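This one's a predicted model, so the numbers in the text were calculated from it and none came from an experiment. Below, each value reflects all heavy atoms present in this structure, side chains not excepted, and no hydrogens, waters or symmetry copies. Here is the naming used below: chain letters follow the sequence lines, and residue numbers restart at 1 for every chain.
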There are 2 protein chains.
Amino acid sequence: MKTRGQEDKQKTMKDCSTKILAVRDALEIFSGKWKIPIIGALIYLQKSGFKELQRMVGDITPKMLSKELKELEMNHLVKRTVLDTRPVTVQYSITEYGKTCQSVIFELYQWGEQHRKKIKEEC
Amino acid sequence: MKTRGQEDKQKTMKDCSTKILAVRDALEIFSGKWKIPIIGALIYLQKSGFKELQRMVGDITPKMLSKELKELEMNHLVKRTVLDTRPVTVQYSITEYGKTCQSVIFELYQWGEQHRKKIKEEC
DNA sequence: GATACTAGTATCCCAGAGGATACCACCAAT
DNA sequence: ATTGGTGGTATCCTCTGGGATACTAGTATC
């Protein structure tokens with residue numbers, strides 16, 4: 001049996017689902033173990049070479065760092081500049097656009113922080 | 001060669017890394033393909049049975065829905081109530097605490113939305 | 001010539017995410 | 001007694017995220 005209310009719900013859920021798509025787009029960009037740490041490090045450092053960034057982020061392997069940086073670059077959050085030095089160095093930096101993530105990351109930080117406290121209390 | 005500045009940077013990154021942990025905690029809770037859609041559906045529906053929720057979320061399999069709901073329940077975002085009806089029905093609902101995610105999800109939505117537009121313009 | 005720095009690539013491997021399909025027990029209506 | 005509703009589990013599969021390890025090419029230093 002299908003009530004009138006359920007039909008309305010499904011119609012509204014369709015509108016809702018386009019919003020969910022946007023949320024999932026955002027989540028996808030920050031997905032994975034390393035993107036947030038990399039963005040965080042770059043916001044802090046302003047600019048950094050590959051190896052320096054690797055040391056800064058921690059245990060990340062060059063393969064993963066390379067892969068994550070490529071994705072962040074594709075999304076215009078990070079800029080890669082090859083410098084004509086000897087030896088050739090590469091400069092990674094966060095873009096102006098990349099800085100727009102800060103508010104999102106800060107919200108996630110705040111929620112995560114209070115959530116940690118709540119979980120601790122109960123366990 | 002290690003300059004004084006680099007040592008300072010590494011010290012500050014250590015403070016930064018605890019903040020990154022909180023962000024990653026938050027991301028972990030929303031991770032996966034289905035958690036946000038489920039939370040969204042439950043915020044909209046207020047309460048829902050298992051099958052109804054499955055229909056609402058879309059293509060999710062019962063295995064995944066069951067698994068994701070368990071995780072959300074563990075994190076106190078979702079409440080599961082068994083009702084003494086015939087046949088036995090189960091009511092899933094978002095908790096008051098679960099509603100605190102709304103601001104985080106809304107930030108993610110806003111950023112994701114404007115990001116979509118930006119990507120479209122350039123491709 | 002050996003070592004160490006730069007910026008990565010290549011290869012192999014494993015665990016977990018998530019889909020497909022089938023199935024369970026229970027109950028109600030036809 | 002068959003069909004269809006409830007709320008799930010079980011099994012099998014594939015694909016990818018991500019780690020470990022090794023390697024390349026170029027330059028500078030010891």
- Query: For the pair made of CG in A/Leu53 and P in C/dG8, what is the distance, rounded to whole Å?
  - Reply: 11 Å
- Message: Could you tell me how far apart A/Ile60 (CD1) and C/dT9 (C1') are, to the nearest whole angstrom?
- Response: 15 Å
- Message: On DNA chain D, does the nearest nucleotide to A/Val88 precede the nearest nucleotide to B/Lys51 from the 5' side, or the other way round? Give the residue.
- Response: B/Lys51
- Message: Rounded to whole Å, please give me the gap between NZ in A/Lys33 and C1' in D/dT16.
- Response: 15 Å
- Query: For DNA chain D, whose closest nucleotide is more 5', that of B/Phe50 or that of A/Lys67?
  - Reply: B/Phe50
- Message: Between B/Phe106 and B/Trp111, is the ring centroid distance below 6.0 Å?
- Response: no
- Item | Residue pair B/Leu65 / B/Phe50: nearest heavy atoms and the distance that separates them | CD2-O, 3.6 Å
- Length of the line joining A/Asp59:CG and D/dT21:P, which is rounded to integer Å: 13 Å
- B/Ser48 (side chain) donor-acceptor with B/Leu45 (main chain) under 3.5 angstrom: no
- Task: Mind calculating the distance between CE (A/Met64) and C1' (C/dA7) to the nearest angstrom?
- Result: 17 Å
- Task: Respond yes when some side-chain nitrogen or oxygen of A/Arg55 is under 4.0 Å from OP1 or OP2 of C/dA7, and no when none is.
- Result: no
- Message: If the threshold is 4.0 Å, N to carboxylate O, is there a salt bridge linking B/Glu68 and B/Lys35?
- Response: yes
- Would you say D/dT6 has OP1 or OP2 under 4.0 Å from some side-chain N or O of B/Tyr92? no
- Message: Under 4.0 Å from OP1 or OP2 of D/dT9: is there any side-chain N or O of B/Ser66 that close?
- Response: yes
- Grab the CG-P distance between B/Leu65 and D/dT9 for me, whole Å please. 10 Å
- Item | Closest nucleotide among C/dC27, D/dG7, D/dT21 to the B/Pro87 side chain | C/dC27
- side-chain N/O B/Lys63 vs C/dG18 OP1/OP2, d < 4.0 Å: no
- Looking only at D/dG18, C/dC27, C/dG19, the nucleotide nearest the A/Glu68 side chain is D/dG18
- Note on the structure: From CD of A/Gln54 across to C1' of D/dA20 the rounded distance in Å is 13 Å
- For A/Thr89 and for A/Pro62, find the nucleotide of DNA chain C with the closest heavy atom, then tell me which residue's nucleotide is more 5'. A/Thr89
- Item | N-O pairing of A/Glu121 and A/Lys118 below 4.0 Å | no
- If only side-chain N and O atoms of B/Arg86 are considered, is one of them under 4.0 Å from the OP1 or OP2 phosphate oxygen of C/dA25? no
- Would one find a side-chain N or O of B/Lys70 under 4.0 angstrom from OP1 or OP2 of D/dT9? yes
- Note on the structure: note: B/Arg24, atom CZ; D/dG17, atom C1'; distance rounded to Å ~ 12 Å
